[in-house]
Amino acid sequence: QVQLVESGGGLVQAGGSLRLSCAAPGRTFSSYAMGWFRQAPGKEREFVAAISWSGGVTYYADSVKGRFTISRDNAKNTVYLRMNSLKPEDTAVYYCAAGPIATTQGDYDYWGQGIQVTVSS
């Protein structure tokens, strides 16, 4: 079992930045690829970014490419999502997930509880 705890969300103005963190206590963290997904009100949960267990491979949704950066620190059992140039349409609950490297949420085995990100215009 892998527990995932997100932090770093909040309210930010359009054009601003936030960094989300997802901590996964336990020795198995480095065995998993990690992903970030988000769900806006009234919409389905969608893929945002993913990173391989080593950090050497990353994937991004087209909507965030060039603005968001996913990274990980296996020594700290933590994955990050740096979000720059935020837009109101980035407003959503953001979830981190652990599993095989994938862009499909059904492929992930473990999920965090989610954290709210609100971007005001």
Side-chain angles (χ1 to χ4, degrees):
Q1 190 74 10
V2 177
Q3 290 186 317
L4 304 174
V5 181
E6 299 100 336
S7 62
L11 174 65
V12 64
Q13 288 188 330
S17 298
L18 280 176
R19 188 181 77 162
L20 302 182
S21 299
C22 175
R27 293 178 293 175
T28 61
F29 175 77
S30 60
S31 302
Y32 292 92
M34 300 296 294
W36 286 97
F37 291 77
R38 68 186 181 186
Q39 187 168 20
K43 295 187 177 181
E44 293 187 353
R45 190 157 56 183
E46 65 176 4
F47 169 76
V48 175
I51 188 167
S52 63
W53 68 270
S54 67
V57 178
T58 56
Y59 297 101
Y60 295 94
D62 289 342
S63 59
V64 306
K65 203 171 293 182
R67 299 188 299 122
F68 290 12
T69 302
I70 189 170
S71 62
R72 68 189 296 162
D73 185 338
N74 286 342
K76 294 182 178 180
N77 290 349
T78 302
V79 62
Y80 305 97
L81 185 69
R82 178 68 180 182
M83 306 184 292
N84 295 328
S85 302
L86 283 161
K87 305 174 181 180
E89 51 264 43
D90 294 317
T91 294
V93 176
Y94 283 71
Y95 299 87
C96 69
I101 185 76
T103 61
T104 305
Q105 58 182 312
D107 290 330
Y108 285 85
D109 301 311
Y110 304 101
W111 291 83
Q113 80 285 356
I115 191 163
Q116 180 69 45
V117 171
T118 302
V119 184
S120 63
S121 58

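These numbers come from the heavy atoms of this one structure, side chains and all, not from hydrogens, waters or symmetry mates. Just so it is clear, the structure is predicted and the values come from calculations on it, not from any experiment.
- Looking at every heavy atom in both residues, Ala33 comes nearest to Pro100 through CB-C, 3.6 Å.
- Residue pairs meeting the ring-ring contact (aromatic ring centres under 6.0 Å, His included) criterion with at least one member in residues 57-77: none, sequence neighbours excluded.
- Judged by distance alone, with hydrogens and angles left aside, the side-chain atoms of Tyr108 form a donor-acceptor pair with the main-chain N or O of Ala102 at under 3.5 Å.
- Considering all non-hydrogen atoms of both residues, Val79 and Ser71 come closest at CG2-O, 3.1 Å.
- Val2 and Ile101 are members of different hydrophobic clusters when ILVMFWY side chains are connected at heavy-atom separations under 4.5 Å.
- Relative ring orientation between Trp111 and Phe37 is described as tilted, the plane-to-plane angle lying within the 30° to 60° band.
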In residues 10-26, what donor-acceptor pairs under 3.5 Å come from side-chain atoms, sequence neighbours left out?
residue	atom	partner	partner atom	Å
Ser17	OG	Asn84	OD1	2.9

Could you list the donor-acceptor pairs under 3.5 angstrom formed by side chains in residues 48-57, with sequence neighbours left out?
residue	atom	partner	partner atom	Å
Ser52	OG	Gly55	N	3.4
Ser52	OG	Gly56	N	3.2
Ser52	OG	Val57	N	3.1
Ser54	OG	Gly56	N	3.2

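- Hydrophobic clustering of Ile, Leu, Val, Met, Phe, Trp and Tyr side chains at less than 4.5 Å, counting indirect connections, keeps Val93 apart from Tyr110.
- Rounding to the nearest 0.5 Å places CG of Leu4 at 8.5 Å from CD of Gln113.
- Phe29 is not listed as a side-chain neighbour of Lys76, based on a closest heavy-atom distance of 4.5 Å or more.
- Looking at Asp62 and Lys65, a side-chain N of the basic residue comes within less than 4.0 Å of a carboxylate O on the acidic one, giving a salt bridge.
- Legend: residues meeting side-chain hydrogen bond (donor to acceptor under 3.5 Å, both in side chains) with Gln116, ordered by chain and number and at least two apart, are Thr118.
- In the hydrophobic clustering of ILVMFWY residues, with side-chain heavy atoms under 4.5 Å counting as a link, Ile70 and Phe47 come out apart.
- Pairs engaging residues 94-106 under the side chain to side chain donor-acceptor pair (under 3.5 Å) rule: Arg38-Tyr94, Arg45-Gln105 [sequence neighbours left out].
- For the atom pair Ser85 OG and Arg67 CZ, the distance stands at 7.0 Å (nearest 0.5 Å).
- With sequence neighbours left out, Lys43 forms a side-chain hydrogen bond (donor to acceptor under 3.5 Å, both in side chains) with no residue at all.
- Heavy-atom minimum distance, Asn77 versus Asn74: OD1-O, 3.0 Å.
- At a threshold of 4.5 Å between non-hydrogen side-chain atoms, the residues Met83 and Val117 count as touching.
- Considering CD of Glu6 and CG of Leu81, their distance stands at 11.0 Å, rounded to 0.5 Å.
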